[in-house]
There are 2 protein chains.
Amino acid sequence: MKRVTISDIAKVCETTKTTVSYVINGKLNKVSPEMVQKVKTAMKELGYVPSHSAKSLAGKGSNLIGVIVPQVDVTQKMIFDNPFYSEFISGIEYYLRNSGYSVVLSVVNRENCFEDMMMKWNLDGAVVFGIDNDEMVKILGNYAVPVLLIDSYITSSNFYRMNLQDEEAAYMATKFLIEEGHKNIAVVTGKVEKSMLLEARLEGYKRALGDSGIAFRQESVFEGDVTYEYGFEAAKKIEEDPDITGILASADIVAFGVINYLQSKGRKIPEEYSVVGFDDTYQAKIMHPKLTTVGQNISKRGEKAGELILNIIMNRQKEKETWMKCEMVVRETTRKLK
Amino acid sequence: MKRVTISDIAKVCETTKTTVSYVINGKLNKVSPEMVQKVKTAMKELGYVPSHSAKSLAGKGSNLIGVIVPQVDVTQKMIFDNPFYSEFISGIEYYLRNSGYSVVLSVVNRENCFEDMMMKWNLDGAVVFGIDNDEMVKILGNYAVPVLLIDSYITSSNFYRMNLQDEEAAYMATKFLIEEGHKNIAVVTGKVEKSMLLEARLEGYKRALGDSGIAFRQESVFEGDVTYEYGFEAAKKIEEDPDITGILASADIVAFGVINYLQSKGRKIPEEYSVVGFDDTYQAKIMHPKLTTVGQNISKRGEKAGELILNIIMNRQKEKETWMKCEMVVRETTRKLK
DNA sequence: ATGAAAGCGCTAACAT
DNA sequence: ATGTTAGCGCTTTCAT
């Protein structure tokens, strides 16, 4: 399968590479309409497919968009252990699918891996998940490549960001639980001091408590990892505290762990515990009982991220920050306390 | 951030690109040991990162491996609606992560999209999911690029394949249900005539029935899509047939739909129905009750696929076919019928 | 052991 | 409107 190049097309059309290149790049004002037709026909006939390597090398874009997931902890070796990523990335891919850009997946562990990605593939843009760390910012700042940060609390004018209103969302969820009659609400979350996102969510929780005149108790906060396993662990301790009736998890996956432990001990949900997740992953809808959660419409967010990074690349995105709202999705794991 | 090229390194080392290239490519017999050291040091100092575009253009590999998921039906717009893909691809990525190769994700809808992928990115290899269609084979056959087919029943010496023993697996699952005392076992699956994989699984089901002297009834076979939604639909009809006590789904995702419908109607699982899935996705373990299913260890398969495609690229993979075994994972959605 | 030079496919500044 | 040409970073053949 010999590659068809622009030279081949030029030959067939009795013209030169330049003209063909112009046609391909839509600089039609530089080429006569007849030639445009001739070239276009020839391209189709010969089955021309551009070489992105060549284009990239010539200093133009690579048409590659990096989707970069930092591997935070060792346990999470698979990216998609947390369905949040699958759904999000799926959304990005879906939006980009017919744009001419492709998605290169990359899970980076060492800081400099990110640099490598940029340089190696000459990325046109990157969507980077959950970076809170300053070192990374410095590295990222060294590149002209547009970067869209997802769920990062870093404020640097170098980047575009797409965030959730985490504080408000957690406030809403807590408030919801309180209005359902819960007074003792546990929070199961990751290491708060390591993540401004988790911190914001905890703040929202505290504010809701405060607004309702409920005292905050540090013992009700369970900090570990944002994993199924930790949810499971935390639930063991929660079970020991007879006062707790409401549970707020910082991710659906954590809620699953919590629920599963409780159910495995014969506890009834929502009869004995009301639990609220965060994310609204696909599973939340298909499990039984269906999970009450803070919905962030993950795949839509993914699509939006695709749209944003494209707009950024095209230089038509002004706003540096995009905030997305969450909404309560009340399903079956919560109930009113009489 | 100016790019550091081999010329820069050459300059620093007072030598030429050629020598540097030799060092990079490990052709150390062509370079003096001192020079090797000098070059290596310079590379580190200057922070050299190779340009894959240039390498690719120069006729060498692109270091890009395409992971190609054909978009079969319109409904399934997101790749990762079926967690099978997320887990599998996650496994591939995990294996490839430190190999120097990167994964380009691509969901193709039109046949020729595959060609485009190949040419555009100058892929070094491709992992392609579920291709049963002959046209595709012709197209794929045109390329020298190594292709690893996942779950494809196409037999063409052009490709490498990694398959499950589907017939045996379905036989095993059916047999299991029979041994648990079930005589009326429904099958919920996709369009069988369109997929040799589904056909094989149905054959296994029939054989198990036959071996146990149970007559096959076409009415017990529900063909639709391999989706949660179809599982949900099919369950409605299953509920109308009072004889059915066992249900075999052709994928976990389908089983989830079935179970959810049944549970939503207040039916008890496994008390009233025993249902068996196929895949053993992550959710199977974390739902309640936990799903009994045919386990194929998806992420391990993904890792294996990564290993295989790498070996194929390196020319050190002899076997064209790799068959993987499935095992019964008995959990909580099935029970012995008294 | 090292170097010079051509070429991979494409773009774009610069002629014509 | 069209053609000429240099150059992007790298590999590799062919000298030296």
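Proteins get letters first, then strands, A, B, ... in listed order; numbering begins at 1 in each.
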Rounding to a whole Å, what distance do you find between B/K30:NZ and D/dT11:C1'?
-> 11 Å
Would you mind classifying the nucleic acid contact of A/K27 as base, sugar-phosphate or nothing, using non-hydrogen atoms under 4.0 angstrom?
-> sugar-phosphate
Can you tell me if NZ on A/K320 sees more than 12 non-hydrogen neighbours from other groups inside 6.0 Å?
-> yes
Look at all strands and tell whether B/N122 reaches a base, only sugar-phosphate, or nothing, counting heavy atoms closer than 4.0 Å.
-> nothing
Quick one: label B/D8 by what it contacts on the DNA or RNA (base, sugar-phosphate, nothing), any heavy atom closer than 4.0 Å.
-> nothing
Could you work out which one of C/dC10, D/dC10, D/dG3 sits closest to the side chain of A/T15?
-> D/dG3
note: A/K55, atom NZ; D/dC8, atom C1'; distance rounded to Å ~ 14 Å
Within this structure, what is the CG-to-C1' distance between B/N63 and D/dG9, rounded to whole angstrom?
-> 14 Å
Nearest whole angstrom, please: distance from the P of D/dT2 to the CD of A/E34.
-> 7 Å
Hey, does A/N122 have a side-chain heavy atom less than 4.5 Å from the side chain of A/L64?
-> no
For atom CD of A/Q37 and atom C1' of D/dA1, their distance in whole Å | 17 Å
Please work out if A/T16 contacts a base, only the sugar-phosphate, or nothing of the nucleic acid, heavy-atom cut-off 4.0 Å.
-> base
Looking at five pairs on each end of the helix from C/dA1-D/dT16 to C/dT16-D/dA1, what is the angle between the two axes, given to 10 degrees?
-> 40°
On the 0 to 90° scale, with breaks at 30° and 60°, tag the A/W121-B/H52 ring pair as parallel, tilted or perpendicular.
-> tilted
Gap between atoms CD1 and C1', on B/I6 and C/dA4 respectively (whole Å) = 13 Å
Test item: A/I309 and A/Y101 side chains (from C-beta on) under 4.5 Å apart, heavy atoms | no
What are the two closest heavy atoms between A/E93 and A/V103, and how far apart are they?
-> CA-CG2, 4.3 Å
Name the closest nucleotide to the B/P50 side chain, picking from D/dG7, D/dT2, D/dC10.
-> D/dC10
By nearest-nucleotide position on DNA chain C, the 5'-leaning member of A/Y22 and B/L57 is B/L57
Using atom CG of B/N29 as one end and atom P of C/dT2 as the other, report the distance to the nearest whole Å.
-> 12 Å
Position toward the 5' end of DNA chain D (nearest nucleotide), A/L28 or B/S7 | A/L28
Gap between atom CD1 of B/I150 and atom CD1 of B/I68 - 0.5 Å precision = 11.5 Å
Would you say A/S32 reaches D/dT2's phosphate, i.e. side-chain N/O to OP1/OP2 under 4.0 Å?
-> yes
Whole angstrom value for the distance that separates P of D/dA15 from NZ of B/K17 | 19 Å
Measure the OG1-OH distance between A/T15 and A/Y22 for me, rounded to the nearest 0.5 Å.
-> 11.0 Å
Answer with base, sugar-phosphate or nothing: what part of the nucleic acid does B/K60 contact at a heavy-atom distance below 4.0 Å?
-> sugar-phosphate
Rounded to the nearest 0.5 angstrom, the CG-CZ distance for A/L310 and A/R316 is 6.0 Å
Per B/T18 side chain, nearest of listed nucleotides D/dT2, D/dG9, C/dG3 | C/dG3
Reckon B/T19 touches a base, only the sugar-phosphate, or nothing at all at heavy-atom distances under 4.0 Å?
-> sugar-phosphate
